[in-house]
2 protein chains.
Amino acid sequence: MNFLEERILKDGIVKEGNVLKVDSFLNHQMDIALFDKMGKEFKSRFDGKPINKILTIEASGIGIAAVTAQHFGVPVVFAKKAKSINLEGEMYVAEVESFTHRTKNQVIVAKKFLNQDDHVLIIDDFLANGCALQGLIQIVQSAGAAVEGIGIAIEKGFQPGGQIIRNLGFHLESLAIVDQMDEATGAITFREK
Amino acid sequence: MNFLEERILKDGIVKEGNVLKVDSFLNHQMDIALFDKMGKEFKSRFDGKPINKILTIEASGIGIAAVTAQHFGVPVVFAKKAKSINLEGEMYVAEVESFTHRTKNQVIVAKKFLNQDDHVLIIDDFLANGCALQGLIQIVQSAGAAVEGIGIAIEKGFQPGGQIIRNLGFHLESLAIVDQMDEATGAITFREK
(Lines give C-alpha, C1' and ligand atoms only; values in the text may rest on other atoms or scores of the structure.)
Protein backbone atom coordinates (compact mmCIF):
# COMPACT_ATOMS: atom_id res chain seq x y z
CA MET A 1 0.00 0.00 0.00
CA ASN A 2 1.38 3.45 -0.86
CA PHE A 3 1.38 6.62 1.27
CA LEU A 4 -1.85 7.97 -0.24
CA GLU A 5 -3.75 4.71 0.18
CA GLU A 6 -2.59 4.59 3.79
CA ARG A 7 -3.80 8.12 4.35
CA ILE A 8 -7.19 7.37 2.77
CA LEU A 9 -7.62 4.37 5.09
CA LYS A 10 -6.65 6.52 8.06
CA ASP A 11 -8.67 9.69 7.37
CA GLY A 12 -11.08 8.98 4.51
CA ILE A 13 -14.73 8.43 5.36
CA VAL A 14 -17.10 6.31 3.30
CA LYS A 15 -20.52 7.90 2.99
CA GLU A 16 -23.82 6.82 1.52
CA GLY A 17 -24.01 6.80 -2.27
CA ASN A 18 -20.39 5.77 -2.89
CA VAL A 19 -19.08 9.06 -1.57
CA LEU A 20 -15.50 9.06 -0.26
CA LYS A 21 -14.94 12.05 1.98
CA VAL A 22 -11.31 13.16 2.04
CA ASP A 23 -11.88 16.78 2.95
CA SER A 24 -9.59 16.65 5.98
CA PHE A 25 -6.47 16.33 3.80
CA LEU A 26 -7.28 16.66 0.09
CA ASN A 27 -10.08 18.95 -0.99
CA HIS A 28 -11.10 21.35 1.76
CA GLN A 29 -8.25 21.19 4.24
CA MET A 30 -5.08 20.42 2.28
CA ASP A 31 -2.07 18.58 3.70
CA ILE A 32 0.70 20.28 1.73
CA ALA A 33 3.40 17.84 2.88
CA LEU A 34 1.25 15.03 1.45
CA PHE A 35 0.83 17.00 -1.79
CA ASP A 36 4.59 17.30 -2.00
CA LYS A 37 4.92 13.49 -1.82
CA MET A 38 2.25 13.19 -4.49
CA GLY A 39 4.13 15.66 -6.70
CA LYS A 40 7.32 13.67 -6.30
CA GLU A 41 5.46 10.47 -7.20
CA PHE A 42 3.91 12.06 -10.30
CA LYS A 43 7.36 13.24 -11.35
CA SER A 44 8.67 9.70 -11.12
CA ARG A 45 5.68 8.20 -12.97
CA PHE A 46 5.95 10.67 -15.86
CA ASP A 47 9.72 10.74 -15.91
CA GLY A 48 11.24 11.52 -19.30
CA LYS A 49 8.10 13.10 -20.75
CA PRO A 50 8.70 16.56 -22.23
CA ILE A 51 6.15 18.26 -19.97
CA ASN A 52 6.26 22.08 -20.03
CA LYS A 53 2.90 22.92 -18.46
CA ILE A 54 0.42 21.54 -15.96
CA LEU A 55 -3.29 21.97 -16.53
CA THR A 56 -5.88 21.54 -13.78
CA ILE A 57 -9.38 22.72 -12.97
CA GLU A 58 -10.73 24.84 -10.16
CA ALA A 59 -11.01 24.51 -7.27
CA SER A 60 -9.69 21.35 -5.65
CA GLY A 61 -7.14 20.49 -8.36
CA ILE A 62 -5.23 23.74 -7.89
CA GLY A 63 -3.34 22.95 -4.68
CA ILE A 64 -2.11 19.56 -5.90
CA ALA A 65 -1.16 21.02 -9.28
CA ALA A 66 0.75 23.95 -7.73
CA VAL A 67 2.85 21.73 -5.48
CA THR A 68 3.36 19.11 -8.23
CA ALA A 69 4.55 21.86 -10.58
CA GLN A 70 7.54 22.46 -8.31
CA HIS A 71 8.78 18.96 -9.11
CA PHE A 72 8.49 19.61 -12.85
CA GLY A 73 9.66 23.24 -12.80
CA VAL A 74 6.73 24.33 -14.96
CA PRO A 75 3.79 26.77 -14.67
CA VAL A 76 0.21 25.72 -13.95
CA VAL A 77 -2.89 26.83 -15.81
CA PHE A 78 -6.18 26.25 -14.09
CA ALA A 79 -9.35 25.92 -16.14
CA LYS A 80 -12.43 27.73 -14.93
CA LYS A 81 -15.86 26.25 -14.60
CA ALA A 82 -18.88 28.22 -15.68
CA LYS A 83 -22.54 27.74 -16.28
CA SER A 84 -22.51 30.15 -19.19
CA ILE A 85 -19.87 31.77 -21.33
CA ASN A 86 -18.67 35.24 -20.50
CA LEU A 87 -16.16 35.67 -23.28
CA GLU A 88 -13.50 38.11 -22.24
CA GLY A 89 -10.87 37.72 -24.88
CA GLU A 90 -10.46 34.46 -26.72
CA MET A 91 -11.19 31.31 -24.77
CA TYR A 92 -11.19 27.60 -25.38
CA VAL A 93 -14.56 26.36 -24.15
CA ALA A 94 -15.43 22.69 -23.69
CA GLU A 95 -19.01 21.86 -22.89
CA VAL A 96 -19.30 18.74 -20.76
CA GLU A 97 -22.39 17.01 -19.52
CA SER A 98 -22.38 15.34 -16.13
CA PHE A 99 -23.44 11.69 -16.45
CA THR A 100 -24.70 11.71 -12.88
CA HIS A 101 -26.45 15.04 -12.68
CA ARG A 102 -27.37 15.59 -16.33
CA THR A 103 -26.19 19.16 -15.97
CA LYS A 104 -24.08 20.92 -18.58
CA ASN A 105 -20.99 22.81 -17.55
CA GLN A 106 -18.35 24.70 -19.40
CA VAL A 107 -14.63 24.28 -18.89
CA ILE A 108 -12.75 27.39 -19.98
CA VAL A 109 -9.10 28.28 -20.63
CA ALA A 110 -7.78 31.48 -22.23
CA LYS A 111 -6.29 30.68 -25.65
CA LYS A 112 -3.08 32.58 -24.92
CA PHE A 113 -2.07 30.01 -22.27
CA LEU A 114 -2.19 26.88 -24.44
CA ASN A 115 -0.81 26.37 -27.93
CA GLN A 116 0.56 23.70 -30.26
CA ASP A 117 4.01 23.83 -28.69
CA ASP A 118 2.69 22.78 -25.27
CA HIS A 119 3.23 19.36 -23.74
CA VAL A 120 0.69 19.13 -20.98
CA LEU A 121 0.34 17.11 -17.81
CA ILE A 122 -3.26 17.19 -16.57
CA ILE A 123 -3.63 16.98 -12.78
CA ASP A 124 -6.81 16.59 -10.74
CA ASP A 125 -7.84 15.35 -7.32
CA PHE A 126 -10.63 12.91 -8.27
CA LEU A 127 -11.60 10.79 -11.25
CA ALA A 128 -15.00 9.09 -11.22
CA ASN A 129 -17.04 9.41 -14.41
CA GLY A 130 -14.41 11.74 -15.78
CA CYS A 131 -16.60 14.57 -16.94
CA ALA A 132 -14.21 17.38 -15.96
CA LEU A 133 -11.23 15.43 -17.29
CA GLN A 134 -12.89 14.95 -20.68
CA GLY A 135 -13.35 18.71 -20.86
CA LEU A 136 -9.68 19.31 -20.06
CA ILE A 137 -8.53 16.82 -22.71
CA GLN A 138 -10.83 18.41 -25.25
CA ILE A 139 -9.30 21.82 -24.50
CA VAL A 140 -5.69 20.61 -24.82
CA GLN A 141 -6.55 19.03 -28.14
CA SER A 142 -8.39 22.14 -29.37
CA ALA A 143 -5.17 24.03 -28.73
CA GLY A 144 -3.20 21.53 -30.83
CA ALA A 145 -1.14 20.74 -27.72
CA ALA A 146 -0.15 17.24 -26.57
CA VAL A 147 -1.55 15.46 -23.51
CA GLU A 148 1.64 13.88 -22.18
CA GLY A 149 -0.07 12.38 -19.19
CA ILE A 150 -2.86 12.56 -16.67
CA GLY A 151 -2.14 12.38 -12.95
CA ILE A 152 -5.01 11.79 -10.55
CA ALA A 153 -4.90 11.51 -6.77
CA ILE A 154 -7.92 9.23 -6.24
CA GLU A 155 -9.70 7.25 -8.93
CA LYS A 156 -12.99 5.53 -8.26
CA GLY A 157 -12.24 2.32 -10.11
CA PHE A 158 -15.85 1.17 -9.94
CA GLN A 159 -16.93 4.08 -12.11
CA PRO A 160 -16.07 4.11 -15.81
CA GLY A 161 -14.04 7.35 -16.20
CA GLY A 162 -10.57 5.88 -15.79
CA GLN A 163 -11.12 2.87 -18.01
CA ILE A 164 -12.47 5.00 -20.84
CA ILE A 165 -9.47 7.32 -20.70
CA ARG A 166 -7.03 4.37 -20.72
CA ASN A 167 -8.96 2.78 -23.61
CA LEU A 168 -8.45 5.98 -25.55
CA GLY A 169 -4.70 5.51 -25.16
CA PHE A 170 -3.90 8.20 -22.64
CA HIS A 171 -1.18 7.65 -20.05
CA LEU A 172 -3.25 7.89 -16.89
CA GLU A 173 -1.69 7.44 -13.46
CA SER A 174 -3.91 7.41 -10.39
CA LEU A 175 -2.08 7.29 -7.08
CA ALA A 176 -4.94 5.41 -5.41
CA ILE A 177 -7.61 3.42 -7.24
CA VAL A 178 -10.58 2.53 -5.04
CA ASP A 179 -12.23 -0.65 -6.33
CA GLN A 180 -14.77 -1.06 -3.59
CA MET A 181 -16.19 0.85 -0.65
CA ASP A 182 -18.58 -0.39 2.00
CA GLU A 183 -20.52 2.33 3.77
CA ALA A 184 -21.73 -0.10 6.46
CA THR A 185 -18.26 -1.16 7.61
CA GLY A 186 -16.26 1.77 6.20
CA ALA A 187 -13.99 -0.72 4.41
CA ILE A 188 -12.09 0.48 1.33
CA THR A 189 -10.48 -1.89 -1.16
CA PHE A 190 -7.70 -0.59 -3.41
CA ARG A 191 -6.69 -2.02 -6.76
CA GLU A 192 -3.46 -4.01 -6.59
CA LYS A 193 -0.65 -2.81 -8.82
CA MET B 1 10.76 47.94 -6.24
CA ASN B 2 10.34 44.33 -5.18
CA PHE B 3 10.14 41.19 -7.35
CA LEU B 4 6.31 41.20 -7.52
CA GLU B 5 6.09 44.88 -8.43
CA GLU B 6 8.67 44.28 -11.16
CA ARG B 7 6.64 41.38 -12.50
CA ILE B 8 3.43 43.42 -12.48
CA LEU B 9 5.15 46.16 -14.49
CA LYS B 10 6.48 43.58 -16.93
CA ASP B 11 3.39 41.40 -17.45
CA GLY B 12 0.39 43.15 -15.86
CA ILE B 13 -2.06 44.89 -18.16
CA VAL B 14 -4.18 47.87 -17.15
CA LYS B 15 -7.70 47.63 -18.51
CA GLU B 16 -10.70 49.94 -18.52
CA GLY B 17 -12.49 50.32 -15.21
CA ASN B 18 -9.41 50.06 -12.99
CA VAL B 19 -8.91 46.40 -13.87
CA LEU B 20 -5.37 45.04 -13.51
CA LYS B 21 -5.00 41.87 -15.52
CA VAL B 22 -2.35 39.55 -14.11
CA ASP B 23 -3.72 36.29 -15.48
CA SER B 24 -0.46 35.35 -17.19
CA PHE B 25 1.31 34.72 -13.86
CA LEU B 26 -1.10 35.02 -10.92
CA ASN B 27 -4.71 33.96 -11.36
CA HIS B 28 -5.20 31.85 -14.47
CA GLN B 29 -1.71 30.80 -15.44
CA MET B 30 0.33 30.55 -12.23
CA ASP B 31 4.09 31.08 -12.04
CA ILE B 32 4.93 28.68 -9.22
CA ALA B 33 8.52 29.89 -8.87
CA LEU B 34 7.12 33.39 -8.28
CA PHE B 35 4.66 31.97 -5.73
CA ASP B 36 7.59 30.39 -3.93
CA LYS B 37 9.29 33.79 -3.63
CA MET B 38 6.02 35.24 -2.36
CA GLY B 39 5.74 32.45 0.22
CA LYS B 40 9.27 33.16 1.42
CA GLU B 41 8.46 36.86 1.68
CA PHE B 42 5.26 36.20 3.66
CA LYS B 43 7.25 33.95 5.99
CA SER B 44 9.69 36.77 6.66
CA ARG B 45 6.94 39.39 7.15
CA PHE B 46 5.02 37.22 9.65
CA ASP B 47 8.11 35.83 11.33
CA GLY B 48 7.61 34.86 14.95
CA LYS B 49 3.82 34.61 14.77
CA PRO B 50 2.44 31.30 16.06
CA ILE B 51 0.72 30.44 12.78
CA ASN B 52 -0.58 26.86 12.56
CA LYS B 53 -2.98 27.13 9.63
CA ILE B 54 -3.44 29.09 6.42
CA LEU B 55 -6.92 30.06 5.29
CA THR B 56 -7.69 31.15 1.74
CA ILE B 57 -10.68 31.22 -0.61
CA GLU B 58 -11.33 29.46 -3.89
CA ALA B 59 -10.18 29.65 -6.57
CA SER B 60 -7.27 31.96 -7.19
CA GLY B 61 -6.04 32.10 -3.59
CA ILE B 62 -5.39 28.36 -3.45
CA GLY B 63 -2.17 28.16 -5.45
CA ILE B 64 -0.47 30.98 -3.54
CA ALA B 65 -1.66 29.57 -0.21
CA ALA B 66 -0.45 26.04 -1.02
CA VAL B 67 3.06 27.17 -1.93
CA THR B 68 3.21 29.64 0.96
CA ALA B 69 2.20 26.86 3.36
CA GLN B 70 5.45 25.06 2.58
CA HIS B 71 7.37 27.95 4.13
CA PHE B 72 5.28 27.75 7.30
CA GLY B 73 4.97 23.94 7.45
CA VAL B 74 1.22 24.16 8.03
CA PRO B 75 -1.95 22.90 6.29
CA VAL B 76 -4.23 25.09 4.18
CA VAL B 77 -7.99 25.34 4.41
CA PHE B 78 -9.77 26.91 1.48
CA ALA B 79 -13.16 28.49 1.96
CA LYS B 80 -15.82 27.82 -0.60
CA LYS B 81 -18.00 30.39 -2.26
CA ALA B 82 -21.67 29.73 -2.78
CA LYS B 83 -24.78 31.52 -3.82
CA SER B 84 -26.90 29.52 -1.41
CA ILE B 85 -26.24 27.25 1.52
CA ASN B 86 -26.11 23.51 1.02
CA LEU B 87 -25.37 22.47 4.57
CA GLU B 88 -23.58 19.17 4.59
CA GLY B 89 -22.42 18.79 8.13
CA GLU B 90 -21.73 21.82 10.23
CA MET B 91 -20.36 24.84 8.46
CA TYR B 92 -19.32 28.35 9.32
CA VAL B 93 -21.11 30.60 6.86
CA ALA B 94 -20.35 34.29 6.39
CA GLU B 95 -22.66 36.28 4.19
CA VAL B 96 -20.87 39.10 2.44
CA GLU B 97 -22.26 41.71 0.12
CA SER B 98 -20.20 42.99 -2.75
CA PHE B 99 -19.94 46.79 -2.63
CA THR B 100 -19.42 46.95 -6.38
CA HIS B 101 -21.97 44.44 -7.61
CA ARG B 102 -24.54 44.55 -4.79
CA THR B 103 -24.65 40.76 -4.89
CA LYS B 104 -24.64 38.61 -1.79
CA ASN B 105 -22.32 35.66 -1.54
CA GLN B 106 -21.60 33.10 1.10
CA VAL B 107 -18.15 32.13 2.28
CA ILE B 108 -18.18 28.66 3.81
CA VAL B 109 -15.76 26.58 5.91
CA ALA B 110 -16.49 23.27 7.64
CA LYS B 111 -16.46 23.74 11.42
CA LYS B 112 -14.15 20.80 12.00
CA PHE B 113 -11.27 22.60 10.28
CA LEU B 114 -11.19 25.75 12.44
CA ASN B 115 -11.38 26.03 16.21
CA GLN B 116 -10.30 28.20 19.11
CA ASP B 117 -6.81 26.74 19.18
CA ASP B 118 -6.06 27.90 15.66
CA HIS B 119 -3.73 30.77 14.79
CA VAL B 120 -4.56 31.65 11.25
CA LEU B 121 -2.75 33.40 8.43
CA ILE B 122 -5.21 34.50 5.74
CA ILE B 123 -3.80 34.51 2.20
CA ASP B 124 -5.41 35.82 -0.98
CA ASP B 125 -4.35 37.04 -4.39
CA PHE B 126 -6.20 40.38 -4.53
CA LEU B 127 -7.55 42.96 -2.12
CA ALA B 128 -9.75 45.74 -3.46
CA ASN B 129 -12.93 46.44 -1.51
CA GLY B 130 -12.17 43.45 0.66
CA CYS B 131 -15.51 41.70 0.52
CA ALA B 132 -14.09 38.14 0.43
CA LEU B 133 -11.51 39.01 3.08
CA GLN B 134 -14.18 40.34 5.43
CA GLY B 135 -15.98 37.00 5.08
CA LEU B 136 -12.80 35.08 5.90
CA ILE B 137 -12.11 37.21 9.00
CA GLN B 138 -15.70 36.75 10.14
CA ILE B 139 -15.32 32.98 9.84
CA VAL B 140 -12.04 32.86 11.78
CA GLN B 141 -13.64 34.93 14.54
CA SER B 142 -16.79 32.77 14.57
CA ALA B 143 -14.51 29.81 15.25
CA GLY B 144 -12.90 31.63 18.17
CA ALA B 145 -9.57 31.36 16.36
CA ALA B 146 -7.01 34.17 16.05
CA VAL B 147 -6.20 36.08 12.87
CA GLU B 148 -2.42 36.29 13.19
CA GLY B 149 -2.00 38.05 9.89
CA ILE B 150 -3.28 38.67 6.40
CA GLY B 151 -1.01 38.26 3.39
CA ILE B 152 -2.13 39.63 0.04
CA ALA B 153 -0.32 39.53 -3.28
CA ILE B 154 -1.76 42.68 -4.86
CA GLU B 155 -3.71 45.38 -3.06
CA LYS B 156 -5.53 48.10 -4.95
CA GLY B 157 -4.58 50.97 -2.70
CA PHE B 158 -7.09 53.32 -4.32
CA GLN B 159 -9.96 51.16 -3.08
CA PRO B 160 -10.86 51.14 0.62
CA GLY B 161 -10.50 47.44 1.57
CA GLY B 162 -6.93 47.54 2.83
CA GLN B 163 -7.27 50.74 4.83
CA ILE B 164 -10.39 49.46 6.61
CA ILE B 165 -8.66 46.21 7.59
CA ARG B 166 -5.61 48.10 8.92
CA ASN B 167 -7.89 50.51 10.80
CA LEU B 168 -9.46 47.50 12.49
CA GLY B 169 -6.01 46.60 13.82
CA PHE B 170 -5.19 43.60 11.68
CA HIS B 171 -1.62 42.93 10.59
CA LEU B 172 -2.05 43.17 6.81
CA GLU B 173 0.90 42.75 4.47
CA SER B 174 0.41 43.32 0.75
CA LEU B 175 3.39 42.49 -1.43
CA ALA B 176 2.41 45.11 -3.99
CA ILE B 177 0.12 48.07 -3.36
CA VAL B 178 -1.06 49.78 -6.53
CA ASP B 179 -1.87 53.42 -5.82
CA GLN B 180 -2.64 54.48 -9.35
CA MET B 181 -3.21 52.96 -12.75
CA ASP B 182 -3.62 54.73 -16.07
CA GLU B 183 -5.41 52.75 -18.72
CA ALA B 184 -4.40 55.21 -21.44
CA THR B 185 -0.65 54.87 -20.87
CA GLY B 186 -0.65 51.56 -19.00
CA ALA B 187 1.36 53.23 -16.20
CA ILE B 188 1.17 51.68 -12.73
CA THR B 189 2.27 53.52 -9.59
CA PHE B 190 3.14 51.52 -6.49
CA ARG B 191 3.01 52.76 -2.93
CA GLU B 192 6.45 53.45 -1.49
CA LYS B 193 7.40 51.56 1.65
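Just so we're on the same page: letters track the sequence lines, and every chain starts at 1. What's counted below: heavy atoms across the whole structure, side chains too, no hydrogens, waters or symmetry copies. All values derive from a computational prediction rather than experimental measurement.
Grouping the Ile, Leu, Val, Met, Phe, Trp and Tyr side chains by contacts below 4.5 angstrom, directly or via other members, places A/Val147 with A/Leu133. One hydrophobic cluster, built from ILVMFWY side chains closer than 4.5 Å, cannot hold both A/Leu34 and B/Phe113; they sit in different ones. Using a 4.5 Å cut-off between side-chain heavy atoms of Ile, Leu, Val, Met, Phe, Trp and Tyr, with links allowed through other members, A/Ile139 and A/Ile57 fall into the same hydrophobic cluster. No continuous path of ILVMFWY side-chain contacts below 4.5 Å connects A/Phe42 to A/Ile137, so the two sit in separate hydrophobic clusters.
Between B/Ile32 atom CD1 and A/Ile54 atom CD1 the span is 8.0 Å, to the nearest 0.5 Å. The CE atom of B/Met91 sits 6.0 Å away from the NE2 atom of A/His28 when rounded to the nearest 0.5 Å. A distance of 9.5 Å separates CZ of B/Phe78 from CG of A/Asp23, quoted to the nearest 0.5 Å.
Top candidate by heavy-atom pairs under 4.5 Å with chain A, chosen from B/Ala69, B/Ser24, B/Ala79, B/Ser60, is B/Ser24.
Only the backbone of B/Val74 comes within contact range of chain A, with heavy atoms under 4.5 Å apart. For B/Ala33, no part lies near chain A; criterion is any non-hydrogen pair under 4.5 Å.
Applying the 6.0 Å contact sphere to CD of A/Gln180 captures no more than 12 heavy atoms from other residues, nucleotides or ligands. Few gaps surround NZ on A/Lys111; more than 12 heavy atoms of other groups in view lie less than 6.0 Å from it. A 6.0 Å sphere centred on NZ of A/Lys37 holds no more than 12 heavy atoms belonging to other residues, nucleotides or ligands.
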### Stepwise side chain to side chain contact (heavy atoms under 4.5 Å, CB included) check, A/Ile62 with B/Glu58
CA-CA 9 Å; A/Ile62 297 175; B/Glu58 62 180 12; over 6 Å; no
### Query
Is there a side chain to side chain contact (heavy atoms under 4.5 Å, CB included) between A/Val77 and B/Met30 once you walk through the steps?
CA-CA 6 Å; A/Val77 173; B/Met30 308 190 294; over 6 Å; no
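Between the side chains of A/Gln29 and B/Lys53, at least one donor N or O sits under 3.5 Å from an acceptor N or O.
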